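Contents: one structure, followed by commentary.
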There are 2 protein chains.
Amino acid sequence: MHAVAKTTTSVPGLRERKKQATRRAIAEAAVRLAAEHGVENVTVEAISEAAGVSPRTFFNYFPSHDDAFVLVDDEVGERIRESVRLAPADRPPLDVVRDALVAELDGFEARKELWVLQCKVLQRSPHLIHRGLKAHVAEERALAVAITDWLGSTRPGTDAPPGAAVFPRLLAAVAQTALRVAVEHWCDRPGETALAEVFRDVFAQLAQGLPRPPA
Amino acid sequence: MHAVAKTTTSVPGLRERKKQATRRAIAEAAVRLAAEHGVENVTVEAISEAAGVSPRTFFNYFPSHDDAFVLVDDEVGERIRESVRLAPADRPPLDVVRDALVAELDGFEARKELWVLQCKVLQRSPHLIHRGLKAHVAEERALAVAITDWLGSTRPGTDAPPGAAVFPRLLAAVAQTALRVAVEHWCDRPGETALAEVFRDVFAQLAQGLPRPPA
DNA sequence: AATAATTTTGCAGGGTCTGCATCTTTGCCT
DNA sequence: AGGCAAAGATGCAGACCCTGCAAAATTATT
């Protein structure tokens, strides 16, 4: 408090940093081992061994064996929802959600290697896709709430037509699905197309009501 | 072969009937117990006990504990895909998929009680939703293939624009998602709206590119 | 009625996951 | 510095999940 002025915020402290490091070490070890030997042949013990922690510690970071193989960043979803809530009220809903997602694409491509590697693991173990979709569904529901907020800011308290109540959930679900399809498609063709391009194309098709593409 | 002429087909035989009965008994016991005590408090032993089989037999019918709680009918998906493949080549893709799904809706409402009950279980245990989505994703991929077949029957072997390759996967994924959203929405409001109505409404919104619903 | 095929079952064993007690590490204070 | 309190890591016991394998029971066929 006297000689050295501490940076009052920002620095998470050694404790938190070590925790994050441990978490990343476990996740990275899990993905690498899975890419080499296949998911079902990678035990918690092996992951812990490679990450340099005890098997018991593994479960302090991941609730289940499978959860170690999917990469989830909570902050991304929160930024997306905030972006939706602050969107101009008169824009097309699909555009609002699309742009909110596109804004996060840069950080996505930055970790390209990691995602491609994980995509391979997920393709070999479809059973893990659903673990990834777990976060997906959670995101979907939170996004639906954000969309409802955004829409509600236009006209509060009015009798709605039958479709209105489903709309936020449908838009959120479709947007997440489009994102997933774009990523899967992009993973299948590494380096061939930019993710942003696939992404924009997919949303364009959605906006047109999924017409038959010109052959 | 001599005295009694056997009904050459149709009758599945006592063996097959008992198997189906056992399977249904296990599934029903699982759902009922889960509805009462919560999924995580229902062990395989308890389910087997209630179904009148040994714990080992449980795993002869369901690959995992969680799989006993989701109802899947393989034949339904096959009928849907066949319907898509046989559709007129000049119809709007979204309509083709919609109608293929709508045709199965009757059989769906017939088991209304069962589905509502299961929806409650799934709502209390989100972790099971993904198990249900497992079949969902499998269906999605198979459906994408069927859509590709159907589209391909129009013009085989032509240079495709960037969006064309994604289209079948996107359409299949979006259609499955729309189905899921419709079912969830319908489960939340039992008896208020017919599933077919929600379903048609959702697809209408998709066909219009998800515009803002009139408030 | 006897035999063959299929299903059910018990058992052993490995893997997942949790709660609890203990030990080590980290953060903060004088 | 040195010590105290909080938090994380670890080991262990135990319940549960899941899978082979071989024996017993049930069903189909001759």
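This structure is a prediction, so every number in the text was calculated from the model and none was measured. Just so we're on the same page: letters track the sequence lines, and every chain starts at 1. Values reported hereafter were calculated over all heavy atoms of this structure, with side chains retained and with hydrogens, waters and symmetry mates removed.
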For B:A46 and B:L33, which heavy atoms make the closest approach, and how far apart are they? O-CD1, 3.9 Å
Per atom distances to the B:F59 side chain, the nearest of D:dT19, C:dT8, D:dG11 is D:dT19
Measure the distance from CG on A:D66 to P on D:dC17 and round it to the nearest whole Å. 16 Å
Nearest-Å distance for atom pair CZ/P, residues B:R23 and C:dT7: 14 Å
Does this structure show an ion pair linking B:R81 with B:E78, if we count only N-O contacts that are shorter than 4.0 Å? yes
Looking at B:R56 and D:dG20, is any side-chain donor or acceptor paired with a base atom of the opposite kind under 3.5 Å? yes
Closest of C:dC17, C:dT8, D:dA9 to the B:T57 side chain is C:dT8
Check the distance between D:dA28's C1' and B:K18's NZ and give it to me in whole angstrom. 13 Å
Closest to side chain of A:T22, choosing from D:dC17, D:dA9, C:dG15: D:dA9
Rounded to the nearest Å, what distance is computed from the NE2 atom of residue B:H65 to the P atom of nucleotide D:dC17? 5 Å
Here the distance between atom P of D:dT10 and atom CD of A:E45, to the nearest Å, is 13 Å
Quick check for you: among D:dG11, C:dT9, D:dG8, whose closest atom lies nearest to any side-chain atom of A:Y61? D:dG8
State plainly whether the residues A:E36 and A:R32 are in salt-bridge range, i.e. N to O under 4.0 Å. no
Kindly say whether A:E40 contributes a backbone atom to a donor-acceptor pair with the side chain of A:H65 at under 3.5 angstrom? no
In this structure, how many angstroms lie between the C1' atom of D:dC17 and the CD1 atom of B:I47, rounded? 12 Å
Atom pair distance, as rounded to whole Å: CG in B:D67 and P in D:dT19: 10 Å
Is the shortest distance from a Lys or Arg side-chain nitrogen in B:E82 or B:R79 to a carboxylate oxygen in the other one below 4.0 Å? no
In whole Å, what is the span from the CD atom of B:E49 to the P atom of D:dC16? 14 Å
Considering only D:dG8, D:dG11, C:dG15, which nucleotide approaches the side chain of A:K19 most closely? D:dG8
